[in-house]
Amino acid sequence: MAEQIPTSRVRRGAKLGKLVAQQAVRGAGVTLSGLRDTDEEHLARTERALADAAEDIVSVLGSMKGLAMKAGQLLSMFDPLTVAGGDSLPPPQRDRFQRKLAELYDQAPRVSFAGMRAVVERDHGQPLAAVFAEFDAEPIGAASIGQVYRARLHDGRAVAVKVQYPGIDVAIRADLKNLSLLMRMARTIAPAVADHAMFRELTTHFADEADYRAEAEHHRIVADIYRGHPFIRIPEVVSEWCTARVLVTELIEGRRFEEITELPAAERNRAGEILLRFYVGSILRERRFTGDPHPGNILLTPGGQVAFLDFGLFKHMAAAAVDFESGCARAAAEYRGADLRALLVDYGVLEPDSPASADACLRLFHEVSGWLLTDADIRIAEDAAANALLAFVDPRRGYFDSLRQEYAPAEHAFARRVEYGTLALLGKLRATGNWHRIAREWLYGDAPRTELGRLEHDWLAKPTTGCGNTIG
């Protein structure tokens, strides 16, 4: 029987506090033992500590759900071992730690079916069998706010049903009140992630995900944009059965992200380009984008399309904001440091008297986004996203003191989450591509250089395409 989700601030705070203390004690124990261990003994002890830490994180945050679990997912995405200085560990130890944390995406501790069924019946005001002809009691995914089930409507349509955990709205409010403790926990594992504006922006908007009616509306917007796309698939929303706590969509079957990472290089590279085109392309071309790129939201269909799921975190960007993003990227790609700094000052990111020089701004942009700014084939390393985050907060990189007072508007912090999240996914795929030439389609209006780019270009040119001509 699954444990009931704790909802009170006191209970959730106590669980977080215990986890913080456990990780601190465990880390101190490994450090002290290292003073007397041989290299072999220290490695074995560290491996055991990492295994225990991963088990604790998945067990505690997974059972708590809500913002606490979302924090654990974010830690998993950005390779906390690199951020915490554990990058010297051998690959097998690192892989085991990462695989365990990855369970927070779709294999976290489940909530019992009886409780979830009650949510569906309460929201619809009728028995489950009156709404669904079939409903599989075993969830196909367990996320931070709800579980996903496979079902069939009475008209024969196969659907995915996301049901919100009982009391999760109360738990989210408790987490927001306990945010300082949650940040302390994140700092014990990955201080660069915890202190970054991206993390703060994520926690600020997390409460918006608690109403599935808003998510359904976001989902419909994205489905309208990409309907009929040659290689991007968005499941259709079954609006008549959606409520505040139940989201019903078309069921799409396919390979999970972990399976995609095991495919041959050419197929991984193709998937990587599709991820870039969807997540980053949506920002620069559509000015509307989902803010949650992670493995649990991606499927590779049998027909070769990549299906994207979950639109709880969604953002609209003003045209001026996208123009600023594009202008900075062009200035950095063309090594126009003075122009880049002027853009940052004019937009209010930097004060005119900021100690950040034009050269420092240029170097920072290339350090964190060089994969998009450099006209060359680049294979994305698994720790690329973690290193990008480190550039902002690690004093050894040389940017911390001059840029620590920078002002990052909320929508740009969200955009950086999408960029770094995409980079993390490409790293997990070990994908290779000339990412800059793809981005030039959006930054400069260049003709596409890849097969996928040409397919998308032809699709965009069709008069019935919703993409690109629906922005007010």
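What you are looking at is a predicted structure, and each value in this text was computed from that prediction instead of being measured. The residues of the chain are indexed from 1 along the displayed sequence.
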Under the 3.5 angstrom rule, does the side chain of [X] hit a backbone N or O of [Y] as a donor-acceptor pair?
{"X": "Trp435", "Y": "Ile378", "value": "yes"}
{"X": "Ser357", "Y": "Ala360", "value": "yes"}
{"X": "Ser354", "Y": "Leu350", "value": "no"}
{"X": "Glu250", "Y": "Glu236", "value": "yes"}
{"X": "His219", "Y": "Gly312", "value": "no"}
{"X": "Asn269", "Y": "Ala265", "value": "yes"}
{"X": "Arg270", "Y": "Gly304", "value": "yes"}
{"X": "Arg440", "Y": "Asp446", "value": "no"}
{"X": "His366", "Y": "Leu373", "value": "no"}
{"X": "Arg255", "Y": "Leu300", "value": "no"}

Compare all side-chain heavy atoms of [X] with those of [Y] and state whether any distance is below 4.5 angstrom.
{"X": "Tyr335", "Y": "Leu340", "result": "no"}
{"X": "Ile283", "Y": "Val418", "result": "yes"}
{"X": "Arg288", "Y": "Met317", "result": "no"}
{"X": "Leu452", "Y": "Glu456", "result": "no"}
{"X": "Val306", "Y": "Phe278", "result": "no"}
{"X": "Leu309", "Y": "Val148", "result": "no"}
{"X": "Thr450", "Y": "Arg437", "result": "no"}
{"X": "Val161", "Y": "Leu247", "result": "no"}

To the nearest 0.5 Å, how far apart are [atom1] in [X] and [atom2] in [Y]?
{"X": "Ile145", "Y": "Arg245", "atom1": "CD1", "atom2": "CZ", "result": "13.0 Å"}
{"X": "Leu423", "Y": "Tyr279", "atom1": "CG", "atom2": "OH", "result": "14.0 Å"}
{"X": "Thr432", "Y": "Glu273", "atom1": "OG1", "atom2": "CD", "result": "12.5 Å"}
{"X": "His436", "Y": "Leu372", "atom1": "NE2", "atom2": "CG", "result": "9.0 Å"}
{"X": "Ile225", "Y": "Ile232", "atom1": "CD1", "atom2": "CD1", "result": "10.5 Å"}
{"X": "Cys328", "Y": "Phe365", "atom1": "SG", "atom2": "CZ", "result": "4.5 Å"}

Shortest non-hydrogen contact between [X] and [Y], atoms and distance:
{"X": "Ala356", "Y": "Arg341", "answer": "O-NE, 2.6 Å"}
{"X": "Gly254", "Y": "Leu299", "answer": "O-CD2, 3.9 Å"}
{"X": "Ala307", "Y": "Ile252", "answer": "CB-CG2, 3.9 Å"}
{"X": "Phe289", "Y": "Ser282", "answer": "CB-CB, 4.0 Å"}
{"X": "Pro293", "Y": "Gly421", "answer": "CG-CA, 3.9 Å"}
{"X": "Pro235", "Y": "Ala223", "answer": "O-CB, 4.3 Å"}

Practice item. Starting from the C-alpha separation in whole Å, work towards a yes-or-no answer on ring pair (Phe, Tyr, Trp, His ring centres under 6.0 Å) for Phe257 and His294. Key: CA-CA 9 Å; Phe257 187 81; His294 72 61; 9.7 Å; no
Are [X] and [Y] within salt-bridge range, i.e. N to O under 4.0 Å?
{"X": "Glu441", "Y": "Arg277", "answer": "yes"}
{"X": "Glu217", "Y": "Arg220", "answer": "yes"}
{"X": "Arg256", "Y": "Glu258", "answer": "no"}
{"X": "Glu325", "Y": "Arg330", "answer": "no"}
{"X": "Glu419", "Y": "Arg416", "answer": "yes"}
{"X": "Arg363", "Y": "Asp359", "answer": "yes"}

Check your understanding: Can you list the steps and then say if Arg417 with Asp292 is a side chain to side chain contact (heavy atoms under 4.5 Å, CB included)?
Key -> CA-CA 8 Å; Arg417 166 170 166 73; Asp292 203 11; 2.3 Å; yes
Practice item. Could you walk me through whether Val222 and Phe314 pass side chain to side chain contact (heavy atoms under 4.5 Å, CB included), step by step? Key: CA-CA 10 Å; Val222 181; Phe314 190 76; 3.4 Å; yes
Counting only heavy atoms from other residues, nucleotides and ligands, does the tally under 6.0 Å from [atom1] of [X] exceed 12?
{"X": "His457", "atom1": "NE2", "answer": "no"}
{"X": "Glu267", "atom1": "CD", "answer": "yes"}
{"X": "Arg336", "atom1": "CZ", "answer": "yes"}
{"X": "Glu451", "atom1": "CD", "answer": "no"}

Exercise for review: Take Val280 and Leu275 through the side chain to side chain contact (heavy atoms under 4.5 Å, CB included) test and state the conclusion after the steps.
Suggested key: CA-CA 8 Å; Val280 177; Leu275 297 185; over 6 Å; no
Practice item. Kindly indicate, with the supporting measurements, whether the criterion ring pair (Phe, Tyr, Trp, His ring centres under 6.0 Å) is fulfilled by His218 and Phe311. Key: CA-CA 6 Å; His218 301 156; Phe311 301 94; 8.8 Å; no
Point to revise | Criterion side-chain hydrogen bond (donor to acceptor under 3.5 Å, both in side chains) on Thr301 and Glu253, from CA distance to verdict | key: CA-CA 6 Å; Thr301 71; Glu253 305 279 7; over 6 Å; no
Point to revise | Criterion ring pair (Phe, Tyr, Trp, His ring centres under 6.0 Å) on Phe308 and Tyr226, from CA distance to verdict | key: CA-CA 11 Å; Phe308 295 91; Tyr226 285 98; 8.0 Å; no
Check your understanding: When you measure from the centre of the six-membered ring of Tyr212, is the NZ or CZ of Lys162 under 6.0 Å away and within 45° of the axis?
Key -> yes
Point to revise | Arg379 vs Arg430, side chain to side chain contact (heavy atoms under 4.5 Å, CB included): CA-CA, chis, key distance, verdict | key: CA-CA 6 Å; Arg379 180 182 181 276; Arg430 309 177 306 284; 3.3 Å; yes
